[in-house]
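The block underneath contains the structure these notes are about, expressed in structure tokens.
The model shown is predicted, which means the values in this text are computed figures rather than measured ones. Side chains are part of it too, since the values below use all heavy atoms of this structure and drop only hydrogens, waters and symmetry mates.
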Amino acid sequence: MFDDLDVRALSRRPGVKWSRAEPDVLPAWVAEMDFPPPPPVREALIRCVEEGLGYPAWDGRHTGNPLRPAFAERMRARHGWVLDPAHVREFTDINQGLQAVLNVVTRPGDGVVVHTPTYPPFLETIASMGRRRHPVPYTPDGDSWTFDADRLDRELRARPARVLLLVNPHNPTGRVLRREELQALADLALRHGLLVVSDEIHSDLVHGPHRHIPFASLSAEAAARTVTLTSATKAFNVPGVRCAVAHAGAAEVREALAHPSHLYGEPNTFGVAATLAAWRDGDAWLAELKQVLARNAALVREELPPGVRYRVPEATFLAWLDCRALRLDTDPHTFFLKKARVLLNDGRSFGTEGEGFVRLNFGTSRSILHDILRRMRTSLD
């Protein structure tokens with residue numbers, strides 16, 4: 001299933017990943033895998049069409065949306081995190097959830113702490129909403145990445161912030177934070193009065209022996225100042241269904257988002273059906289997927305061009321590639337697009353720390369990934 005992909009069929013897909021690539025270009029950019037979604041998800045979407053598309057029996061003003069108990073049960077079963085389903089609400093995607101939270105708890109000029117490099121739409125959100133970005137750089141640490149919590153503590157004493165935007169597992173590095181690191185951030189949040197907005201959308205894609213720990217599960221105190229954002233769209237490869245959930249452990253956020261009731265919209269029937277099917281019946285497929293991704297991550301390590309530094313990600317299907325040692329006469333994104341005919345994400349879009357980097361999506365078949373890496377090697381001959 002995962003290796004039975006045809007480039008010609010993929011190139012006819014209407015989605016952004018393949019439609020933006022010229023016919024002779026292999027796309028390995030946006031965080032969307034090439035695999036079809038799990039069979040239970042496809043079956044659930046077909047049932048939606050066959051059974052009718054009337055108004056759903058739930059809406060955002062009541063607790064009747066089945067996503068809420070389904071999310072609570074998944075967190076309990078996978079992570080031992082027991083939460084109140086009444087504290088869950090729905091959004092169309094993670095970005096809307098973040099913007100809604102920033103809108104109700106911050107003002108222009110307020111600081112937002114964020115590990116960098118980071119997901120470009122988050123940087124765009126902070127800038128477009130007039131909030132002040134407070135970067136916490138991830139720096140190389142052997143085969144992984146680290147950040148300086150003590151430095152952040154000193155900086156916050158000198159220049160306070162309002163929100164810690166945590167991306168864990170991290171995009172683009174694939175770093176999975178350990179319990180002691182999360183606890184250090186929780187202590188900082190308490191000490192400096194930070195609301196934590198924790199994007200955990202890649203949590204189902206953590207590779208062993210690493211383990212995801214929901215930030216809000218650290219303690220009741222941590223949960224009370226945290227908004228957790230997540231979705232089934234990344235792990236189960238259904239980004240187009242536009243459905244995400246937020247657990248608002250912070251009472252001030254819960255209350256602020258409740259009124260007016262329709263301002264932030266509601267999820268559509270397809271999004272809810274796909275998410276429920278993924279969470280309830282998609283884990284066997286997910287287990288197979290993670291084996292394929294682990295294999296592909298190793299293939300990237302084996303077949304990358306010499307001179308490209310790659311730290312194998314602890315989660316996700318994304319490789320953050322350091323191309324600075326190549327000393328190219330242009331940025332690596334442009335170089336590999338022109339010379340290799342491979343479309344990657346430009347590291348500069350992840351912030352200034354991404355200069356000289358590209359992000360490669362290895363969520364595809366072995367043969368397609370092999371061709372991508374072969375083209376990249378050949379372009380440097």
Side-chain angles (χ1 to χ4, degrees), residues 16-18 20-22 24-34 114-124 135-147 167 169-176 202 207 293-364 366-381:
V16 65
K17 181 180 181 181
W18 284 83
R20 286 196 184 174
E22 295 179 16
D24 65 330
V25 170
L26 286 178
W29 63 297
V30 68
E32 171 188 331
M33 296 180 284
D34 287 334
V114 61
H115 287 99
T116 53
T118 201
Y119 178 54
F122 285 174
L123 297 178
E124 294 163 9
V136 181
Y138 266 120
T139 56
D141 181 21
D143 290 330
S144 187
W145 301 85
T146 190
F147 68 95
V167 181
H170 186 248
N171 177 10
T173 67
R175 181 72 156 80
V176 177
H202 285 104
H207 308 306
L293 295 182
R295 179 205 68 190
N296 284 2
L299 184 65
V300 172
R301 182 185 58 225
E302 294 162 7
E303 298 192 5
L304 266 178
V308 177
R309 181 62 193 269
Y310 165 58
R311 293 169 175 84
V312 178
E314 299 168 350
T316 80
F317 47 89
L318 307 168
W320 186 234
L321 306 180
D322 185 350
C323 303
R324 291 173 294 181
L326 296 177
R327 301 190 181 279
L328 303 172
D329 57 4
T330 186
D331 65 274
H333 167 264
T334 300
F335 177 87
F336 287 118
L337 179 59
K338 290 185 175 180
K339 300 293 186 179
R341 305 306 283 162
V342 170
L343 177 58
L344 306 167
N345 279 103
D346 189 339
R348 295 172 298 183
S349 67
F350 294 81
T352 56
E353 295 82 1
E355 183 79 33
F357 287 76
V358 287
R359 192 187 72 177
L360 182 151
N361 175 346
F362 56 80
T364 190
R366 182 183 183 91
S367 62
I368 293 174
L369 179 59
H370 178 79
D371 197 11
I372 288 168
L373 296 168
R374 178 191 59 78
R375 289 186 182 197
M376 292 175 68
R377 288 196 312 277
T378 302
S379 71
L380 291 165
D381 289 347

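For Asp371, the salt bridge (charged side-chain N to carboxylate O under 4.0 Å, His left out) test picks out Arg374, Arg375, with sequence neighbours left out. Partners of His170 by ring-ring contact (aromatic ring centres under 6.0 Å, His included), not counting sequence neighbours, listed by chain and number: Tyr138. Contacts of Arg311 classified as salt bridge (charged side-chain N to carboxylate O under 4.0 Å, His left out), with partners at least two apart in sequence or in another chain: none. Annotation: side chain to side chain donor-acceptor pair (under 3.5 Å) contacts of Asp381 (sequence neighbours excluded): none. Not counting sequence neighbours, Glu302 has no partner by the salt bridge (charged side-chain N to carboxylate O under 4.0 Å, His left out) test. Checked against side chain to side chain donor-acceptor pair (under 3.5 Å), Arg324 has the following partners two or more places apart in sequence or in another chain: Asp322. Take Asp34 and apply the side chain to side chain donor-acceptor pair (under 3.5 Å) test, not counting sequence neighbours, and it matches Lys17, Trp18, Thr364. Not counting sequence neighbours, Thr118 has no partner by the side chain to side chain donor-acceptor pair (under 3.5 Å) test. Qualifying side chain to side chain contact (heavy atoms under 4.5 Å, CB included) partners for Ser349, counting only residues two or more places apart in sequence or in other chains: Pro120. Arg377 pairs by the salt bridge (charged side-chain N to carboxylate O under 4.0 Å, His left out) definition with Glu303, not counting sequence neighbours.
Between the side chain of Ser144 and the main chain of Asp141, no donor-acceptor pair closer than 3.5 Å is present. In this structure, Asn296 contributes its side chain and Gly363 its backbone to no donor-acceptor pair below 3.5 Å.
Smallest separation of non-hydrogen atoms from Ala297 and Tyr310: O-OH, 3.0 Å. Across Gly351 and Leu123, no two heavy atoms sit closer than the pair N-CD1, 3.6 Å. What you find for Leu26 and Ile368 is that their closest heavy atoms are CD1-O, 4.4 Å.
Taking the side chain as every heavy atom from C-beta outward, Asn361 and Trp29 never approach each other to under 4.5 Å. Using a 4.5 Å heavy-atom threshold, the side chains of Phe357 and Cys323 count as separate. Counting heavy atoms from C-beta outward, Leu318 and Pro313 have side chains that stay 4.5 Å or more apart. Residues Leu369 and Val300 form a side-chain contact, since some pair of their non-hydrogen atoms from C-beta on lies under 4.5 Å apart. Between Leu360 and Met376, some side-chain heavy-atom pair lies under the 4.5 Å cut-off.
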Next item on the list: Before giving the answer on side chain to side chain contact (heavy atoms under 4.5 Å, CB included), spell out for Leu344 and Val342 the whole-Å C-alpha distance, their side-chain angles and the decisive distance to 0.1 Å.
Entry: CA-CA 6 Å; Leu344 306 167; Val342 170; 3.7 Å; yes
Next item on the list: Quick one: do Leu326 and Val308 satisfy side chain to side chain contact (heavy atoms under 4.5 Å, CB included)? Show the steps, please.
Entry: CA-CA 7 Å; Leu326 296 177; Val308 177; 3.7 Å; yes
Note to self: Walk me through whether His115 and Val167 qualify under side chain to side chain contact (heavy atoms under 4.5 Å, CB included).
What the structure shows: CA-CA 8 Å; His115 287 99; Val167 181; over 6 Å; no
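For the salt bridge (Lys or Arg N to Asp or Glu O under 4.0 Å) condition, the pairs that include at least one residue of residues 346-364, sequence neighbours left out, are Asp331-Arg348, Asp346-Arg348. The ring pair (Phe, Tyr, Trp, His ring centres under 6.0 Å) pairs that include a residue from residues 325-354 are Trp320-Phe350, where partners are two or more places apart or lie in different chains.
Atoms CZ and CG, on Phe122 and Asn171 in that order, are 8.5 Å from each other to the nearest 0.5 Å. Rounding to the nearest 0.5 Å places OG1 of Thr378 at 13.5 Å from NZ of Lys339.
Crowding of Arg20 atom CZ: a count of heavy atoms from other residues, nucleotides or ligands under 6.0 Å not exceeding 12.
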